[in-house]
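Beneath this line is the structure, given in structure tokens, with notes to follow.
Counting begins at 1 with the first residue of the sequence.
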Amino acid sequence: MHQDEQLISRLGGVVKFATRLGLDPKKGGAQRVQNWKSRGIPAAIERDNPWIAHERNLMRSSAYLRDASSPQAMQEVAHG
């Protein structure tokens, strides 16, 4: 699964993501975003919408925190 697929899903799905970008879901916007789930969000779209990078960082942080609090990670810290 491409990380952008997770990001798009986290933000409400294809239609919601397209709408937030100002793309009309009924006029190709949803298909465009659907393609990004496997190809990745284009750099120009991210550049013009800095909130995407912010959301990506939040997603990474929460994944990091979730992984760091796993029982295996806790054991590794304890055994240093």
Roughly how far, to the nearest 0.5 Å, is the [atom2] atom of [Y] from the [atom1] atom of [X]?
{"X": "Gln34", "Y": "Ile8", "atom1": "CD", "atom2": "CD1", "answer": "8.0 Å"}
{"X": "Leu21", "Y": "Trp51", "atom1": "CG", "atom2": "CH2", "answer": "4.5 Å"}
{"X": "Gln6", "Y": "Leu11", "atom1": "CD", "atom2": "CG", "answer": "11.5 Å"}

Could you check Ile52 against Phe17 for side chain to side chain contact (heavy atoms under 4.5 Å, CB included), going step by step and ending with a plain yes or no?
CA-CA 10 Å; Ile52 295 173; Phe17 197 86; 4.1 Å; yes

Between [X] and [Y], which heavy-atom pair has the shortest distance, and what is it?
{"X": "Gln3", "Y": "Met59", "answer": "O-CE, 3.7 Å"}
{"X": "Leu23", "Y": "Gly29", "answer": "CB-CA, 3.9 Å"}
{"X": "Leu58", "Y": "Arg10", "answer": "C-NH1, 3.6 Å"}
{"X": "Ala30", "Y": "Val15", "answer": "CB-CG2, 4.4 Å"}
{"X": "Glu55", "Y": "Arg20", "answer": "OE2-NH1, 4.4 Å"}

Report the C-alpha separation of Gln31 and Val14 in whole Å, then their side-chain angles, then the decisive distance to 0.1 Å, and conclude whether the side chain to side chain contact (heavy atoms under 4.5 Å, CB included) test is met.
CA-CA 8 Å; Gln31 182 60 51; Val14 172; over 6 Å; no

Between Arg56 and Asp4, does any side-chain N to carboxylate O distance fall below 4.0 Å?
yes

Going through the checks in order, is the side chain to side chain contact (heavy atoms under 4.5 Å, CB included) test met by Ile41 and Asn49?
CA-CA 11 Å; Ile41 300 169; Asn49 298 280; over 6 Å; no

